[in-house]
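Okay, structure first, notes after.
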Amino acid sequence: MKVIVDSDTKVIVQGITGHQGMFHTGEMLKFGTKVVAGVSPGKGGQKVHDLPVFDTVSEAMHLMPEATMISVPAPLVKDAAYEALDSGIKVVYILTEHVPFHDAMDILYNARRKGAVVLGPNGPGITRPGMCKIGIMPNTIFRKGNVAVASRSGTLTYEIVNAITQSGMGESTVIGLGGDPVPGMDFIEVLELFNADPDTEKIVLVGEIGGSNEERAAEYIKKYVKKKVVAYIAGRSAPPGKRMGHAGAIIERGVGTAESKIKAFGDAGVDVAEYPVDIPKLLR
Amino acid sequence: MKVIVDSDTKVIVQGITGHQGMFHTGEMLKFGTKVVAGVSPGKGGQKVHDLPVFDTVSEAMHLMPEATMISVPAPLVKDAAYEALDSGIKVVYILTEHVPFHDAMDILYNARRKGAVVLGPNGPGITRPGMCKIGIMPNTIFRKGNVAVASRSGTLTYEIVNAITQSGMGESTVIGLGGDPVPGMDFIEVLELFNADPDTEKIVLVGEIGGSNEERAAEYIKKYVKKKVVAYIAGRSAPPGKRMGHAGAIIERGVGTAESKIKAFGDAGVDVAEYPVDIPKLLR
Amino acid sequence: MNLYEYSGKEIFRKFQIPVPDGYVITSAAELKPYTSPVVVKSQVLIGGRGKSGGIKFAKDQASLDQAVKDLMGSKVRGFTVNKLLIEQMLDIKKEFYLSITLNRSERKPMLICSASGGVEIETVPEEQIFRKSIDPITGYSDFIGREAAKFMKFDENLSKQLRSILSKLYDVFVHYDCELVEINPLVMNGDGRLIAADAKVIIDSDSTYRHPEFPKDDPERTPLELEAQSKGYAFVELDGIIGVIANGAGLTMATLDALLLHKGKPRNFLDLGGTDSTDIVVEAFDLVLKAKPRAILVNIFGGVTKCDTVASGIVEAKKKFGISQHIVVRLSGVRENEGREILKQNGIDAFSEMMPAVEKVVSLAGGA
Amino acid sequence: MNLYEYSGKEIFRKFQIPVPDGYVITSAAELKPYTSPVVVKSQVLIGGRGKSGGIKFAKDQASLDQAVKDLMGSKVRGFTVNKLLIEQMLDIKKEFYLSITLNRSERKPMLICSASGGVEIETVPEEQIFRKSIDPITGYSDFIGREAAKFMKFDENLSKQLRSILSKLYDVFVHYDCELVEINPLVMNGDGRLIAADAKVIIDSDSTYRHPEFPKDDPERTPLELEAQSKGYAFVELDGIIGVIANGAGLTMATLDALLLHKGKPRNFLDLGGTDSTDIVVEAFDLVLKAKPRAILVNIFGGVTKCDTVASGIVEAKKKFGISQHIVVRLSGVRENEGREILKQNGIDAFSEMMPAVEKVVSLAGGA
C-alpha cells in the first residue's frame with residue numbers, strides 16, 4: 001500500500017545545489033529513490049548527480065514529481081513550499097530547521113487546502129525500506145519488515161530503527177514528524193496510515209516532552225488501533241521550563257510532561273521503553 | 001436527491017432582526033423552509049416569527065442548522081460568513097449586495113477549505129419547490145417540476161421561472177448565482193449538480209454579459225451534459241465599457257460579449273432565447 | 001473607482017514602489033522653477049494621453065511654462081485637464097508592462113507581465129504575455145516573481161527589483177481593494193533601476209467606504225449619470241428615445257435587449273433595485289425625464305419591490321412632473337393586481353407580460 | 001524570546017492597544033518630576049513581581065524617589081533590576097485576563113480570556129476561562145470577540161473595546177511571530193476604559209531575524225548558556241556532574257534520561273546538531289569543560305554528523321584543552337568504524353552501543 005510514498009514516487013529537491021541538498025540527493029539516489037530533478041533559482045541548466053537543475057518548480061513538473069525535499073535557508077522555506085504546492089506537489093518534506101512556526105502554520109494549512117502532506121520542518125523525513133526514502137535518515141540502518149516507526153526526533157529515530165534492525169526485525173515505514181512546535185503531521189495522522197497499511201503489523205512511537213501529541217495519540221490508539229504499539233518518550237529528566245534544543249521540548253504549565261505521556265500510553269495498553277534500545281524487546 | 005439543500009435542511013438567518021431578514025424569514029417559513037433560529041448580535045433572547053434569536057451562531061448550533069441566510073450590511077458580511085463557517089455551517093447564502101469582491105473571494109476560498117457552498121453575494125438564493133427555499137425569490141411563481149434553472153440575475157430569474165410555471169411546466173431547483181464579480185458558485189459547479197440530479201430533466205441557464213462563465217459552461221455542456229439545456233443572455237444591447245448595474249456586466253477587452261456567449265452556447269447545442277419569455281418554447 | 005495617475009503614484013510611493021520625483025499643480029502659479037528636464041502630464045482618466053497630446057516634455061523654463069499653458073484647462077480626448085503632474089524626465093532604456101487584476105473566470109487575482117510595455121497590453125502578441133493566477137489565500141509569494149522574471153528574461157539584478165515591486169503591487173491590490181493595479185510602462189532607467197512611469201489603480205466601487213481618502217471623481221460619467229449615482233441608482237445614459245425604468249440589473253438589461261430587438265431605441269438603463277418605496281420610483285422618473293425621452297417603459301417583476309408601490313410611485317410622479325410622454329407599464333409578481341388597480345383608477349393600463357409592453361412602447365415612441 | 005514589559009507596551013502603543021502613560025528609566029537621574037500618582041515597576045522577565053516587592057506605588061515626590069532608590073539595582077526573584085517603568089497609576093475597577101498563544105495540539109493560535117484577571121491564569125477555575133481556537137488562515141474575526149465578550153458578560157461598550165483590543169492583539173501575535181501575547185491584567189479603569197496594565201510578549205526564537213529591533217536579552221539563561229547560545233549550540237546547564245555531548249535533541253534527551261535512570265547526574269544538555277565539522281566538536285568540549293564536569297559522555301549516532309569527524313574533534317579537543325576528566329565515547333552509524341579507528345590510535349576506546357557507555361561513565365564519575 002502507498003503510505004505517503006511508494007516505489008513509484010518521483011521526487012524533486014528544492015535547494016539541490018546547496019551542501020545539504022546535494023549530499024542528501026546523492027544518498028537518496030543510492031537508496032533507490034526516484035529523484036528526477038533539482039530546483040535552485042538562478043542555477044537552472046546545471047546538473048547535480050546527473051539530474052537536471054531548474055530555476056523554478058513549474059519547469060520540473062513535466063517530469064511528474066509528486067514529492068519535494070526542501071533544503072533551503074529557513075527564511076526561504078515558506079516561499080519554496082508555496083511554490084511546490086502551487087505546482088501541484090502533494091508531499092512536501094522540509095529538511096530545514098529553525099523555520100518560524102508561524103510560517104510552518106501557513107504552510108500546513110495551505111497544504112491541507114490543496115490535499116498535500118507536509119513532513120517536517122526540522123525532521124528526518126520518510127523512509128520506506130525497499131521503496132523510497134525522502135529525507136536524511138542514514139541508508140544503512142534499515143531492513144524491510146513489518147514495524148512502522150513514527151518519531152518526533154531525528155537521531156533518536158536512527159537509534160531505535162538501528163536497534164530494531166539489529167534485533168532481526170525490519171521496518172515497513174519510518175516517519176520523522178519533526179521536532180518543531182507545528183509539525184506537518186502528528187501521531188494521530190500517522191497512526192491512521194499505519195493502521196490501514198497491511199504491510200505494518202507493529203508500531204513504534206518515539207515521543208518527547210512538550211505538547212499533547214502523545215496523550216492524544218494514546219486516546220486514538222485506545223479507540224481505533226488493534227495493532228501492537230510500543231513507545232519511547234525522551235525528556236524524562238528535563239527540568240520544567242528549560243528548553244532542551246527543540247522548541248518542542250518545553251514543559252509548561254504541567255502539560256506535556258514525560259509522566260503524563262507515559263501514563264496516557266500505559267492507559268492505552270502501549271508499553272513504554274525505559275531506554276531506546278529496549279524497543280525491540282517490547283516489540284516481541 | 002439533495003441539491004445543496006433538501007426538505008430536511010435546517011436554516012438560520014444572520015441579521016434576522018433587520019428589515020430584510022425579518023421579512024424574508026417570514027416568506028421562507030410560509031414556503032415551508034425549516035428556519036430554526038435567527039442570529040443578531042446584541043439581540044439575543046428576542047423572538048422573530050416565534051423563532052429564537054441568538055447573539056452568536058455558535059449558540060444556535062444545538063438546533064443543528066446546516067445553512068444560513070446572511071442579511072447584514074455589506075461591511076459585516078465577511079465576519080458573519082466566517083462565523084457561520086467556523087461553526088460548521090455548510091451552505092452560506094449571502095443576500096447582501098455591494099459586498100467588496102475581495103471579501104467575497106476570502107469567503108469563497110475559506111468556504112471551500114471547509115467543504116461549504118456559498119450562494120451569492122447579491123443573488124436571490126436557492127429554491128427547491130416543495131422542499132426548501134433559502135433566499136428572496138417570490139414564493140408564488142414556482143411549481144414543482146423537472147426544469148432546473150441557474151441564473152446570474154435576480155428579477156430576470158423570476159421572469160423566466162414565472163414563464164416556465166405559466167407554460168404548465170415546473171421547476172426542480174432554481175439557483176441564483178448572484179450578479180457580483182466573485183459569485184460563490186459558477187455555472188459549471190451548478191451544472192454538475194443538475195446533471196447528477198435524477199429529478200432534473202431540463203436545464204435553463206440565465207446568463208449576462210461580462211466574464212466568461214457562460215463560455216466555460218458551454219464547453220462543459222458539450223463534454224458532460226446529456227440533458228436538454230437552453231439559455232438566455234441579458235445585455236445584448238449594452239454598449240461596451242458601460243456599467244449596467246451589476247459590476248458583473250462590464251464588457252471589457254472584447255471578452256464576455258453577448259455575441260461570444262451566444263456563439264459558445266450555439267456550438268454546444270444550447271438554444272438561446274431572444275426574449276426571456278421564449279424559454280418555455282425552447283424547453284418543449 | 002478610477003484613481004488619477006498622481007493618486008496612484010502617491011500610493012506607490014507609500015508602498016515603496018519606485019516612481020519618478022514629481023508634484024501636482026492645479027494652476028500655473030503652483031509651478032516650481034525649472035531645474036532639470038521634466039514631463040508634464042495631463043491628469044485625465046483616459047488612456048492614450050501621449051498620442052492625444054496630453055503629455056509634453058520640457059527641457060528649459062520656457063518650454064515648461066509653455067507646456068503648462070498649453071495643457072492646463074485643455075481637453076484631452078474630451079476630458080478637461082484640471083491637474084498636471086510635473087515629473088522628473090526618465091532616461092528610458094526599456095519599457096515593460098505589469099498588472100494585477102481579478103480573473104473573473106477563476107475568481108482569483110491574476111498577474112500579467114510583459115517585456116513589451118508602453119503600449120496597450122491588448123495589442124501585445126499573446127506569446128509575449130506572462131499570466132499567472134495568484135491564490136488569494138497565500139497571496140503573492142516570491143516564486144511568482146521568479147517565474148515572471150524568467151519569462152521576461154531578466155537578469156538577477158532586474159529580477160530582484162521586479163520581485164520587490166510585484167510584492168508591493170500585490171499589497172496595494174489587496175490593501176486598496178483593487179479591481180486593477182497597472183504599471184504601464186514600468187521603465188528601466190539609464191541607471192538600471194526599474195521605475196513605475198505610470199500608475200493605474202481602480203478600486204472596487206463596493207469598497208470605497210474603506211478608502212474614504214479618495215474623492216469619488218468619475219469623469220467617464222455624464223452629469224446625469226453622476227446625479228443618479230449620487231442618489232444610489234444604477235443609471236446609464238444611452239442614445240435612444242425610450243426611457244426605461246425596471247427592477248433588477250438582469251431584467252433591466254433584458255428590457256433594453258427586447259426594445260432593441262423590436263427596433264426600439266432605449267434612452268437609458270435604470271435599475272430601481274430592491275428597495276420598496278414610492279419615493280424611489282418618483283426620483284427615478286425625475287432622472288429619466290431629465291434625459292427627455294419620447295416615451296417611458298416601466299417594467300417590473302415584483303419581488304422585494306412590490307407592484308403596488310411602483311404603481312403609486314408612477315401616479316405620484318405623473319402628478320408631480322406633469323408628464324406629457326406616453327408611459328407604458330408592465331407589472332407582474334408580488335401585489336400585481338393591487339398595482340394594476342391603482343394605475344387603472346388613474347387612467348393607466350398596465351400589461352402583465354413584458355413583450356406586449358415592449359411592442360407598445362416602441363410603436364408609441366415612433367422612429368428615431 | 002521574552003520581551004520586557006516596556007517593550008511589549010511599546011508594541012501595544014504602536015498597534016493602538018490602550019496602555020497607561022509611562023516611561024522607562026535606567027537610573028534615578030532620568031526620573032521626571034512627580035505630577036500625579038504612579039506605579040514603579042521593575043523590568044525583569046519573571047512573573048509575580050508584585051508579590052516579590054518589585055512593584056511600588058508613589059503618591060508624592062518623596063515616595064517616588066524612595067521607590068526608585070529601593071528598586072533600581074535590587075534583585076527581584078533573583079533577577080537584577082536595571083530598568084524601571086514609571087507609569088500613571090490606574091483607577092482599577094476590575095481586572096481581566098487576555099492572551100493569544102499557539103495551541104500545539106491543534107496547531108492553531110488560541111485565544112484565552114477570563115473575567116478573573118490579575119492572577120496567574122493556571123489558578124483560575126476552568127469554567128471561568130474562555131478558550132477559542134483561531135483559524136490561522138482567516139485569522140481573528142469580530143465574531144470571536146463577540147463570543148468572548150458574551151462569555152465575560154460584557155456590555156456593548158466593554159465588548160466593543162474588547163473586540164478592538166483583541167483584533168490588534170492578534171495583529172501583534174502575527175506581525176511579531178509570537179509564541180504568546182498576554183495582557184494580565186487587562187484593567188477596567190475608573191473612566192470605563194479597558195487598559196493593558198501589563199504586557200507579556202514572547203517572540204518565537206526562530207523568528208528573531210525578522211525582528212532585529214529587539215535585543216536578544218534572556219536573563220533566564222546562565223552566562224555559560226548565553227555563551228553557548230551565541231555560538232549556536234542548544235545548551236542547558238543542569239546540576240549534576242557528568243558532561244554530555246550528543247547529536248540531536250531527542251538523542252541528547254534520551255542520553256540524559258538514561259544517565260538519570262542509572263543514578264548518573266548530567267551536568268548539561270548539549271546538542272551538537274546536524275553540522276559536520278571538527279571545530280564544532282572542539283568548541284562543544286570547550287563549553288562542557290567550562291561547566292567543570294567530573295566525566296564526559298559523548299553519544300553520537302552518525303547521520304549528517306559523521307562519526308569520524310566527531311572522533312577527530314575529540315582527539316583535537318583532548319590535545320588542545322589537556323582534558324583530565326574521563327571521556328566515554330559511543331559511536332554508531334555513518335563512518336562508525338573510521339571514527340573508532342581514529343580514537344583507538346589516540347588511546348580512546350569507543351562503545352558502539354549507548355547503554356554500556358552510559359553505565360561506564362556513571363561508574364567513572366562516581367557519586368555526587
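First the proteins, then the strands, lettered A, B, ... as listed; each starts at 1. It should be emphasised that the depicted structure is a prediction, and the values quoted were computed from it without experimental measurement.
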Problem - Evaluation steps, salt bridge (Lys or Arg N to Asp or Glu O under 4.0 Å), between E106(C) and R216(B) - result: CA-CA 11 Å; E106(C) 297 196 359; R216(B) 286 174 298 119; over 6 Å; no

Counting only non-hydrogen atoms closer than 4.5 Å, does [X] touch chain C with its backbone (N, CA, C, O), its side chain (CB onward), both, or neither?
X	answer
N139(B)	neither
P183(B)	both
D186(B)	both
Q20(B)	side chain
V206(B)	neither
I188(B)	neither

Exercise for the section: May I ask you to check whether over 12 heavy atoms, not counting those of K108(C), lie within 6.0 Å of atom NZ? Expected result: yes

Exercise for the section: Flag yes if more than 12 heavy atoms outside K231(C) fall under 6.0 Å of its NZ atom; otherwise flag no. Expected result: yes

Taking side chain as C-beta onward, heavy atoms only, is [X] less than 4.5 Å from [Y]?
X	Y	value
D257(C)	Y232(B)	yes
M105(B)	P109(C)	yes
E27(B)	V334(C)	no

Interface residue of largest heavy-atom contact number with chain C, from [options], under 4.5 Å:
options	answer
I233(B), D103(B), I136(B)	D103(B)
N162(B), I160(B), T157(B)	N162(B)
T140(B), I141(B), L108(B)	L108(B)

Under a 4.5 Å heavy-atom cut-off, does chain B meet the side chain of [X], its backbone, both or neither?
X	result
F173(C)	both
E120(C)	neither
E336(C)	neither
I137(C)	side chain
P266(C)	neither

Looking only at heavy atoms, what is the nearest atom pair of [X] and [Y], with distance?
X	Y	answer
G303(C)	P138(B)	CA-CG, 4.0 Å
A254(C)	A234(B)	N-CB, 4.2 Å
L156(B)	L251(C)	CB-N, 3.9 Å
Y209(C)	P100(B)	OH-CG, 3.7 Å

Exercise for the section: I would like to know whether H24(B) and V304(C) meet side-chain contact (heavy atoms from CB on, under 4.5 Å); could you show each step before the answer? Expected result: CA-CA 9 Å; H24(B) 290 295; V304(C) 180; 3.8 Å; yes

Problem - Check: G210(B) main-chain N/O paired with R104(C) side-chain donor or acceptor under 3.5 Å - result: no

Exercise for the section: Determine yes or no for a side-chain-to-main-chain donor-acceptor pair under 3.5 angstrom, with T155(B) supplying the side chain and F301(C) the backbone. Expected result: no

Exercise for the section: Would you tell me whether Y176(C) and H102(B) have side-chain atoms, one donor and one acceptor, within less than 3.5 Å of each other? Expected result: no

Could you give the distance from [atom1] ([X]) to [atom2] ([Y]), rounded to the nearest 0.5 Å?
X	Y	atom1	atom2	answer
E215(B)	S105(C)	CD	OG	8.0 Å
S332(C)	Q166(B)	OG	CD	7.5 Å
R107(C)	M185(B)	CZ	CE	8.5 Å

Handout entry: Reference residue F101(B); test side-chain contact (heavy atoms from CB on, under 4.5 Å); the match among D177(C), D204(C), D206(C)
Key = D204(C)

Exercise for the section: Given side-chain contact (heavy atoms from CB on, under 4.5 Å), test Y275(B) with M354(C) step by step and report yes or no. Expected result: CA-CA 9 Å; Y275(B) 305 105; M354(C) 173 172 152; 5.6 Å; no

Exercise for the section: Starting from the C-alpha separation in whole Å, work towards a yes-or-no answer on side-chain contact (heavy atoms from CB on, under 4.5 Å) for L256(C) and R236(B). Expected result: CA-CA 8 Å; L256(C) 302 188; R236(B) 291 171 182 235; over 6 Å; no

